[in-house]
Each structure stands twice: as structure tokens, then as C-alpha cells.
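Side-chain atoms are counted along with the backbone in the values below, which use heavy atoms only and exclude waters and symmetry mates. In what follows, residues are counted from 1 in the order of the sequence shown.
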Amino acid sequence: MKFDTPATTNPIDQLKIIGKSTDRIDGPHKTSGLATYAYEHHDVAPSPVYGFVIGAAIAKGRITSMDTSKALAAPGVLAIVTAANAGKLGKGRFNTAKLLGGPEIEHYHQAIAVVVAETFEQARAAASLVKVDYARAQGRFDLAQAKPGATRPKDSADAVVGDFATAFAAAPVQLDETYVTPDQSHAMMEPHASIAIWNGDKLTLWTSNQMIAWSVGDVAQTLGIPKANVRLVSPFIGGGFGGKLFVRADAILAALGARAARRPVKLALTRPLIFNNTTHRPATIQRIRLGATKEGKLTAIGHGTWSGDLEGGGPEDAVQQTRLLYAGANRLMTTRLAVLDLPEGNAMRAPGEAPGLMALEVAMDELAEKLGIDPVALRILNDTQVDPEKPERPFSQRQLIQCLRTGADRFGWAKRRAPAQTRDGRWLVGVGVAAAFRNNLTMTSAARVRLDKDGVVTVETDMTDIGTGSYTIIAQTAAEMMGVPLSQVSVKLGDSSFPVSSGSGGQWGGNSSTAGVYAACVKLREAVAQKLGFDPSLAKFADSQVSAGGRSLPLAQAAGKAGLTAEDKMEYGDLAKTHQQSTFGAHFVEVGVDAATGEIRVRRMLAVCAAGRILNPKSARSQVIGAMTMGVGGALMEELVVDKRLGFFVNHDLAGYEVPVHADIPHQEVIFLDETDPMSSPMKAKGVGELGICGVAAAVANAVHNATGVRVRHYPVTLDKLLDRLPRVA
Ligand code: MOS
């Protein structure tokens with residue numbers, strides 16, 4: 001089915017099941033431990049052997065010698081695979097560095113060997129006996145130092161509208177500031193893990209992966225085998241945040257280890273390896289220049305961003321939101337990329353927008369202060385209903401103003417006072433606001449639906465559930481479409497033997513995967529109607545019955561003994577070209593800053609989101625509060641600390657890489673504006689999972705400024721950056 005004209009009324013609009021707060025159908029599985037994560041498929045491999053990965057001890061250079069003899073002789077060891085004996089390996093489309101390095105080393109903790117042994121402990125012990133010598137080469141590890149040599153990435157044209165330089169120079173009110181965001185790690189709960197089993201030349205990987213079809217391709221390409229010989233299974237995922245969009249070393253080395261040992265191999269990357277071995281969100285340096293009239297109208301918007309990556313890698317595109325968020329006739333957005341020899345940078349929750357808004361939305365706060373205008377009012381004043389670069393192109397829906405107004409009202413924004421004016425005992429109290437913006441992407445997505453003789457509808461698609469609630473919204477979609485209760489729907493996900501879905505990424509999964517299920521259900525409805533002798537265009541599906549023209553028959557009757565199956569996909573036409581599809585929100589945060597120590601505590605948070613139809617308010621809210629929590633981490637804690645001499649992330653575990661815990665997070669409230677977007681899909685839904693993090697860190701930083709009068713432009717905002725500038729305590 002092709003979606004190329006705006007959605008009209010369809011069965012989803014009945015909203016009997018869609019749009020209702022619904023408990024996760026996989027909840028009991030997860031809370032009882034029955035949900036099988038990658039390391040837990042005990043049934044498929046009752047007596048596996050274990051792989052232990054050795055990571056490179058240098059960031060750049062080469063292995064001059066590797067002696068595995070002692071390790072091979074160690075108890076229980078079955079095989080050691082290195083680049084020297086792995087055979088010819090390719091590289092996946094989505095991998096910048098090789099997943100099995102050597103002799104050249106591209107980054108610290110790049111995998112250089114996997115030791116396979118009967119037990120995990122034996123594999124780990126033997127790994128410590130592998131002797132590796134290196135010749136270290138000069139690496140580039142400092143973004144600030146590499147910045148002057150950064151170049152324009154080939155896929156990233158500068159966005160130029162009007163004459164920025166002249167307009168900025170002439171603007172009566174100007175802001176020109178530079179903001180720094182650090183490298184960040186996904187730090188998901190479940191480590192990257194895989195079980196590999198070969199059956200002849202066919203490989204099955206039980207793994208933890210967001211994008212099944214991409215990853216089948218990358219495994220095949222890396223191992224040099226046909227895609228048809230690779231099966232990936234990933235039914236439950238303990239968090240991904242973009243870190244599992246791509247195949248990583250666990251999958252490839254489990255496969256190589258299993259081939260060498262001729263046994264099923266189980267392999268998890270250890271936590272201290274994950275931070276440097278896998279991907280991370282790259283650090284940025286961002287210069288923002290805003291020119292405005294005295295009344296606060298933006299006349300010039302300039303945003304330049306610099307980030308680094310390995311040779312052949314990509315940029316952190318932190319100007320995306322600035323291209324679309326505010327009106328302003330003269331615009332200049334540039335993205336520059338430096339080569340760094342740090343681990344591979346890649347997508348992490350709202351890549352681009354999340355760090356971009358950390359800068360832009362502080363700059364807007366600073367501009368508001370210069371203008372003497374309320375920060376909410378300044379954003380409203382500069383709203384646009386069209387793409388500022390192409391005024392003939394409207395937004396499909398844009399309720400940023402409504403988000404800001406609703407939030408201001410609910411949060412009590414009117415009580416906000418000038419910086420450093422509010423005390424509550426030892427706490428300096430302040431509030432901050434930021435706009436949230438994240439684009440809405442749509443991806444082709446297919447599904448298969450089957451109706452059986454008992455009236456049960458089974459959905460199969462390779463869509464993944466990374467903790468987001470995919471199982472539930474897919475079940476809701478099928479139930480709504482087929483007119484059956486939720487309990488009559490069974491959902492099977494995350495297996496490459498199922499039709500190819502959108503996968504989970506870029507907050508496109510919710511809308512896109514359910515739209516694919518919608519398409520398959522439309523086909524199944526037609527098949528059912530035909531079988532029962534109804535006109536498919538008139539048949540109504542409700543209460544497990546099909547009816548038309550005063551006649552009504554049980555849905556199950558159509559299935560017969562053999563059942564009825566339909567498969568289809570949703571593809572997208574040009575609506576995303578004619579209309580800009582984005583999601584909007586507003587974040588409001590109150591913080592307290594200890595007047596003596598500078599300790600920052602978030603006191604309350606509110607997010608107001610306008611993101612199309614909310615398919616399941618309960619799981620959508622969970623998405624947004626999770627994203628708000630991650631935003632607090634970005635504001636106050638998260639930073640991969642770079643050893644600029646040796647070229648690695650120093651704090652590579654969950655003790656040193658700090659993320660918020662329950663005690664850090666106070667009251668959080670989420671409001672969804674009533675919205676449907678007929679341009680997005682027949683579901684009229686959009687993404688929320690990444691919108692929720694966008695702008696949060698800036699709202700926190702702005703609240704810290706309002707509390708203390710201190711402006712910090714270098715994330716994370718930690719007390720050492722405040723301490724010598726705090727207002728004097730009387
Ligand atoms: Mo998202 S960073 O595309 O999982």
C-alpha cells in the first residue's frame with residue numbers, strides 16, 4: 001500500500017483500542033523473567049560455549065606481535081579467532097571501523113581477538129594469557145585541536161538563506177556564543193550480546209538489535225556469505241538508544257567463534273568494553289549567532305557545528321533543528337567534521353537535535369535576557385508555520401506555540417523572577433524553559449497477519465521493541481483494524497524470517513511499524529470479506545463479527561481450518577517533501593542550587609508534546625519521562641572523559657559514566673496535546689521517543705542560570721563550573 005495522499009477517515013479513527021492507555025502486553029513476560037534477552041535463549045543453546053573479546057590496548061597503530069600459545073593451552077579453550085586466522089572479512093555498510101581489527105588498530109578497545117572456551121571464566125582467564133605487542137602511532141583525540149582542520153562532509157551542504165553576515169552585523173541586538181557538548185554513551189541496561197549457531201553454512205544469531213534487516217545485510221557483508229544464509233532473532237531488547245542500530249563486535253565475533261569452535265557460542269561485551277568498543281554520541285562545539293530587532297524578531301540566525309569521527313565516519317548534525325525551528329530571513333547553518341581517532345561516533349537518541357538544542361535553546365534564553373523579553377514570549381514571537389528555507393512548504397502540523405502556552409500555564413511560569421532572586425532555605429531556586437523539536441521520519445514497513453479458526457489474529461513483522469512498547473501498539477493496531485479484543489491478538493517481533501519492518505530508530509518505529517500492520521490488516525479485511533461474501537468496501541469489523549447489509553457472521557468463520565493470511569507493506573510517497581513533518585514540545589524545569597556547594601537538584605519537570613496521534617498514552621508517557629530523565633543526565637552528569645594523550649574514554653563503566661538514578665529525578669509530568677497528523681500515515685501518529693529528550697538539557701541549564709545568575713555553556717553543568725561564580729551568601 002502506498003501512502004501518497006493525506007489520510008482520511010479509516011478504521012483506526014474508531015479509537016476503541018488505539019489511543020487508550022494500555023498496559024504492555026509483554027509486561028508479564030518481562031516482570032516474570034520469561035522475556036528472553038539476547039543472553040537468555042537457553043532453549044536454543046542448552047550447552048553453549050563462551051566467547052570473550054579482547055580489545056586493543058592502544059588507540060592507533062598496529063599489532064607487532066600476538067602470541068596466543070599460552071591461551072590456547074589453557075583449560076577449556078576451544079579456539080581463538082584473530083584477524084590473522086579469521087579469513088577474509090568485509091565491513092558492514094553501517095560500520096566505520098572493522099569489528100575485528102588487526103594488525104592495524106583504528107581505535108581503543110577495537111576487538112582484536114575472541115577466545116572461545118567451555119565456560120565464561122575459562123575464556124576470560126585465557127584471554128589474559130594472550131600476549132600482544134603494539135607499535136603506537138600518533139593519533140588525533142582532541143576536537144578543539146582538530147577543529148581548524150575540519151571539513152564540510154560531502155552529504156552536508158551549507159544551508160544559506162538571504163545574507164546572514166550583513167543582517168547579523170546590522171542587527172541592533174546580537175548574540176554570539178559558543179557551546180560545548182561532550183561525548184556521551186548510550187549506557188543501555190542490556191549489554192551488546194549474541195548467541196551464534198551455525199547449521200552447515202547457515203548462521204542464526206540471537207542478538208540484541210534495533211534494525212534487523214540492516215543488520216542481516218551487515219553480518220552477511222562482513223562474513224562474506226549470502227544474506228539468505230543469515231537469520232537474526234531479537235525479540236526483546238534491554239535498551240538501545242541508537243547503540244544497537246548496527247551490528248557490533250558481539251555478533252560478528254560470536255559467529256566467527258562458533259565457526260572455529262564448531263559449537264554454539266554465547267558472547268556478551270563486558271561493560272568496561274562497551275564504551276570504547278561500540279559507538280557513542282560525538283562531542284560538539286557549536287557557535288550560535290543570533291541577530292534580532294529591539295522587539296525580539298530574529299533577523300539573522302547562524303549556527304555552525306563541529307564534531308569529529310574516525311576517517312570515513314559522519315558528523316553529529318547539530319544544526320538540523322535550527323534550520324526549521326524559528327523564523328528569520330537571513331540564515332547560515334554549517335556542519336563541519338574533523339577526523340579523530342577516538343571510537344566510532346554514531347546515532348544516539350535524537351542524533352543532531354538533542355545536542356543541537358542543548359546549544360540553541362540556551363542561546364535563545366540568553367537572547368531573551370539581552371532583549372528583556374520573557375523566554376516563552378520570545379519563542380512565540382519567532383514561530384513559523386512554514387519551512388523557513390522554503391516558505392512554500394508548510395509544516396504538516398506545528399503546535400509549538402500551544403505547547404509553550406499550555407506548559408507555561410500548567411507550570412506556573414508567570415511566577416518566574418529575575419535571576420538569583422528566589423531562595424528556599426539553602427537553595428537558590430530557578431526555572432527554565434526550552435522548545436523541543438524533532439523531525440518525524442517515515443520508513444517503509446511490512447507485516448504479515450493471520451486469522452485462525454479461533455478468531456485469533458497473529459501479527460509477524462521484524463519490528464523490534466527496545467523497551468518502547470512496540471508489541472502493544474502493534475497489537476492495538478491489529479485489534480482495532482480487525483474488530484477483535486486485544487486478548488485475541490498475538491504479536492511476534494524481531495525475527496528476520498518475518499516481513500521487513502521499519503525497525504526501531506529515529507523515533508520512526510511507532511508510526512511506521514503500525515502503519516505496516518495497518519496495510520496488512522486492510523488486505524486481511526478484504527480477504528475475510530470476500531470469503532464471507534461481503535462487499536469489502538462495506539464490511540464492518542467489530543466485536544469479532546463481520547457485518548454488512550444487515551447480515552453478520554463471526555470473523556473466525558472466514559478463517560476456516562487453514563486460516564487466512566495477508567501480507568503487505570506501507571510505502572511513502574511525496575507528502576514528506578510537500579510538507580515538513582516534525583514533532584514539537586516545550587520543557588519546563590525547576591531546579592534548586594545549593595547556595596554554598598553549587599550542588600544542583602532538579603525539583604520538578606513538565607513536558608508538553610504535540611506529536612500527532614498518541615497511540616498508547618501510557619507507553620508514550622513512559623517514553624517521554626525516560627527521555628526527560630536522559631535529558632537530565634545530559635544536562636548535569638553525562639560525559640565520556642577523553643584521555644587526549646592515549647585516546648580513549650576513561651570512564652568506561654557505569655560507576656564512572658554517571659546517569660541519573662531515581663533519587664535524582666523528582667516529579668515529572670507529561671501532557672500530550674490533542675493532535676492527529678493526516679500527512680504522517682493512516683495512523684496519523686508521529687514519534688515521541690526522541691522528542692522527549694530534545695531541549696531538556698537546555699531547560700535545565702536555563703533553570704540553573706535563573707537560580708544563580710551563572711551561565712554555563714559547557715555541558716555537563718556541574719558544580720565546579722558554578723562554584724566560584726555563585727552569588728555571595730549573606
Ligand atoms: Mo535512534 S539514535 O535512531 O535509535
Side chains of [X] and [Y] in contact at under 4.5 Å (non-hydrogen atoms):
| X | Y | result |
| --- | --- | --- |
| S512 | M570 | no |
| F541 | L555 | yes |
| Y572 | S681 | yes |
| D67 | V130 | no |
| V661 | V659 | no |
| L273 | V53 | yes |
| T207 | V233 | no |
| Y37 | S208 | no |

Practice prompt. Return the orientation label for the H109 and H652 ring planes: parallel under 30°, perpendicular over 60°, tilted otherwise.
Written response: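 Judged by the thresholds at 30° and 60°, the geometry between H109 and H652 is perpendicular.
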
Practice prompt. Hey, can you tell me if W206 and H41 have their rings parallel, tilted or perpendicular (30° and 60° cut-offs)?
Written response: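 Rings of W206 and H41: tilted, 30 to 60°.
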
Count the heavy atoms belonging to other residues, nucleotides or ligands that lie under 6.0 Å from [atom1] of [X], then report whether that count exceeds 12.
| X | atom1 | value |
| --- | --- | --- |
| K91 | NZ | yes |
| K618 | NZ | no |
| R271 | CZ | yes |
| D43 | CG | yes |

Worksheet item: Are side-chain N/O atoms of Q210 and T464 paired as donor and acceptor at under 3.5 Å?
Response: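 No - no donor-acceptor pair under 3.5 Å links their side chains.
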
Worksheet item: Do you see a donor-acceptor pair shorter than 3.5 Å between the side chains of D462 and S501?
Response: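 Yes.
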
Atom [atom1] of [X] and atom [atom2] of [Y]: how far apart are they, to the nearest 0.5 Å?
| X | Y | atom1 | atom2 | answer |
| --- | --- | --- | --- | --- |
| I195 | L267 | CD1 | CG | 10.5 Å |
| M211 | M463 | CE | CE | 8.5 Å |
| F94 | E344 | CZ | CD | 11.5 Å |
| S513 | I473 | OG | CD1 | 5.0 Å |
| R259 | I225 | CZ | CD1 | 7.0 Å |

Item to complete: Please report the C-alpha distance between Q476 and T22 in whole Å, then the side-chain angles of each, then the deciding distance to 0.1 Å, and finally whether the side-chain hydrogen bond (donor to acceptor under 3.5 Å, both in side chains) criterion is met.
Response: CA-CA 9 Å; Q476 288 175 271; T22 305; 3.2 Å; yes

Do side-chain atoms of [X] reach the backbone of [Y] as a donor and acceptor pair under 3.5 angstrom?
| X | Y | result |
| --- | --- | --- |
| T119 | Q122 | yes |
| N440 | G687 | yes |
| N277 | A249 | no |
| N229 | P226 | no |

Are the charged groups of [X] and [Y] less than 4.0 angstrom apart, N to O?
| X | Y | result |
| --- | --- | --- |
| R281 | E638 | no |
| D495 | R231 | yes |
| E480 | K20 | no |
| E118 | R263 | yes |
| E690 | R438 | yes |

Worksheet entry | N209 and its side-chain hydrogen bond (donor to acceptor under 3.5 Å, both in side chains) partner, picked from S234, S215, S194 |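 Only one of S234, S215, S194 forms a side-chain hydrogen bond (donor to acceptor under 3.5 Å, both in side chains) with N209, namely S215.
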
Practice prompt. From the options H186, E190, H192, select the one residue that forms a side-chain hydrogen bond (donor to acceptor under 3.5 Å, both in side chains) with K244.
Written response: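 When H186, E190, H192 are each tested with K244, the side-chain hydrogen bond (donor to acceptor under 3.5 Å, both in side chains) holds only for E190.
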
Worksheet item: Does the ring center of Y39 lie less than 6.0 Å from the ring center of F120?
Response: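 No.
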
Practice prompt. Compute the ring centroids of F649 and H280, then answer whether they are less than 6.0 Å apart.
Written response: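 Yes; H280 has its ring centre under 6.0 Å from that of F649.
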
Worksheet entry | Exercise: identify the closest heavy-atom pair between T82 and N85 |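 Scanning both residues, the minimum pair turns out to be N-OD1, 2.8 Å.
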
Worksheet entry | Closest non-hydrogen atom pair, A620 against I614 |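 What the structure gives for the nearest pair is CB-CG2, 3.5 Å.
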
